[in-house]
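Structure record follows, encoded as structure tokens.
All values derive from a computational prediction rather than experimental measurement. Both ligands and their constituent atoms are indexed starting at 1 by order of listing.
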Amino acid sequence: MRLLSLSFLLSTCLAVVAQNSSSNLNNSLSLTPAMGWSSWNQFGDSINEQLIMETIDSMDKSGLKEAGFIYINLDDGWQRYKGDRKDHPGPLEADPVKFPSGIKALADYAHSKGFKLGIYSGPGDLTCAGYTGSKDHESEDAVLWASWGIDHLKYDSCCSHADAPQAEVQAVVRTMSLALLSSSRPIVYHACHCGWVSVWEWAAADGANQWRIGQDISDDFNYPGNREKYYFDVLDMLDRGANLTQYSGPGHWNDYDMLIVGLEGKSGQLVGTGASDVEYRTHFSMWAMVASPLLIGADVRTLSNTSLTTLLNREIIELNQDPLGKPADVAWESADKTQQIYAKVMADDSYAVALLNRGGATADMNLNLRRDLTIPWDKYRVRDLWKHEDKGPYDMPYSVEVMAHEAKILRIWPVEKTRN
Ligand code: GAL
């Protein structure tokens with residue numbers, strides 16, 4: 001399957017047009033990372049109208065909507081046809097068996113309950129799962145999605161295309177960006193290219209609100225050998241993002257992939273044996289810290305109370321949705337890299353800090369403000385965002401025991417500021 005089969009000549013021409021275009025591709029959307037649910041991690045392309053409506057109802061009732069998870073994103077598999085567009089001329093259609101009422105009716109339902117609806121396509125003849133793609137029909141498709149009331153598009157040029165030239169990928173990203181802007185509906189734009197061709201360096205300028213930094217996540221916290229086999233576990237993905245934080249900010253975000261919280265090793269789509277409750281909590285906390293979009297990947301209708309409690313922690317969500325939009329950086333790490341401190345400044349000048357124990361045994365970890373955060377507060381107070389407890393004030397390094405694969409997530413405020 002050759003999804004990006006534009007001829008070299010055509011791609012070069014498109015890239016030149018793209019580079020010379022002076023149009024402003026900023027859609028002013030996604031000033032904080034998108035939050036919601038996506039169908040892929042749990043269900044793959046086995047999706048249907050009833051499932052999506054039940055997901056909406058469940059997220060409404062469980063408090064997930066109230067907590068900010070409002071995008072309901074259909075991933076690949078909503079389309080009627082597999083195969084080339086040439087064999088299926090005419091507008092894209094939803095599968096009439098899976099979605100008998102059509103996507104517009106579903107969007108109306110989502111909107112009536114206070115949610116937004118997302119959809120999926122790609123720039124090739126085929127999407128990654130082999131459904132009909134948007135190649136050469138970008139404007140037509142964007143207008144169609146806008147007429148349905150779509151609010152988010154994942155536009156996927158597929159992880160198998162590591163070798164596609166940057167100019168070609170950039171041209172197709174930009175073409176859809178222009179099509180969405182001309183559709184006159186605010187549609188958040190995810191340009192998904194699995195972290196190839198340094199997509200973070202240019203995608204924001206080409207109108208993308210988010211882009212994946214790596215290949216698909218697996219349902220594992222740390223599973224050595226996974227990465228070589230295509231999948232990234234939680235720690236792989238964190239490491240992948242470690243040097244990319246400069247590219248993320250309001251309107252344009254590094255996407256660490258959809259959440260695995262609650263999959264429990266039972267995904268119909270992803271590989272992986274599942275993670276423990278502590279590991280899922282660490283994963284959620286770290287995605288919040290690095291300002292990734294937070295798209296739940298599990299079946300929300302059957303989430304355990306523990307997973308639901310994890311996803312509903314508003315103090316953690318606040319770190320992700322902070323208007324300053326700073327992703328956390330690694331502020332300190334032990335020589336063997338089993339202990340790391342991630343930190344970021346918040347809009348109110350407080351700091352969010354993660355003490356991450358990647359090792360296999362409980363560890364005593366210390367946070368030294370002058371060493372790790374280069375902030376000269378003499379006295380500070382600490383809030384533990386999982387215990388929901390205030391601690392301090394302290395005038396010495398903060399020490400705490402951190403379990404294997406746990407992250408202590410802290411928020412730190414000054415009590416007395418600088419002593420010069
Ligand atoms: C992959 C993508 C997945 C999912 C899938 C659908 O390329 O990484 O997240 O969207 O395609 O076919």
Subject >> Listed partners of W287 passing ring-ring contact (aromatic ring centres under 6.0 Å, His included), at least two apart >> reply: Y256, H283
Subject >> Ligand-residue contact atoms, ligand 1 with M258, heavy atoms, under 4.0 Å >> reply: 9 (O)
**OP:** Please state whether Y131 comes within less than 4.0 angstrom of ligand 1, counting heavy atoms only.
**Re:** no
Original post:
Would R383 count as a cation-pi partner of W413, with NZ or CZ less than 6.0 Å from the six-membered ring centre and within 45° of the ring normal?
Top reply: no
Subject >> Proximal ligand 1 atoms for K154, defined as those under 4.0 Å from one of its heavy atoms >> reply: 3 (C), 4 (C), 9 (O), 10 (O)
Subject >> With Y280, the side-chain contact (heavy atoms from CB on, under 4.5 Å) member among V234, L259, L263, L311 >> reply: L263
**OP:** Answer yes or no: is there a donor N or O on one side and an acceptor on the other, between the side chain of Q170 and the main chain of E168, under 3.5 Å?
**Re:** no
Subject >> ligand 1 contact on Q215 by region, counting heavy-atom pairs under 4.0 Å >> reply: neither
Original post:
Tell me, which protein residue and heavy-atom name are nearest atom 10 (O) of ligand 1, and how many Å apart are they?
Top reply: D75 OD1, 2.7 Å
**OP:** Number the atoms of ligand 1 from 1 as they appear, then name those within less than 4.0 Å of a heavy atom of D216, with their elements.
**Re:** 2 (C), 3 (C), 8 (O)
Subject >> ligand 1 N/O within reach of R212 N/O, cut-off under 3.5 Å >> reply: yes
Original post:
Counting only heavy atoms, which portion of D156 has something under 4.0 Å from ligand 1: side chain, backbone, both, or neither?
Top reply: side chain
**OP:** Using the six-membered ring of W145, assess whether NZ or CZ of R185 lies under 6.0 Å from its centre and within 45 degrees of the ring axis.
**Re:** no
Original post:
Which atoms of ligand 1 sit under 4.0 Å from any heavy atom of C159?
Top reply: 7 (O), 8 (O)
**OP:** Step through the shown structure and confirm whether more than 12 heavy atoms of other residues, nucleotides or ligands are within 6.0 Å of CD on Q50.
**Re:** no
**OP:** Quick one: list whatever passes side chain to side chain contact (heavy atoms under 4.5 Å, CB included) with Q79, sequence neighbours left out.
**Re:** D76, Y120, T127, Y131
Original post:
Would you say D76 and ligand 1 have an N/O pair spaced under 3.5 Å apart?
Top reply: yes
Original post:
At the 4.0 Å heavy-atom cut-off, does T127 count as touching ligand 1?
Top reply: no
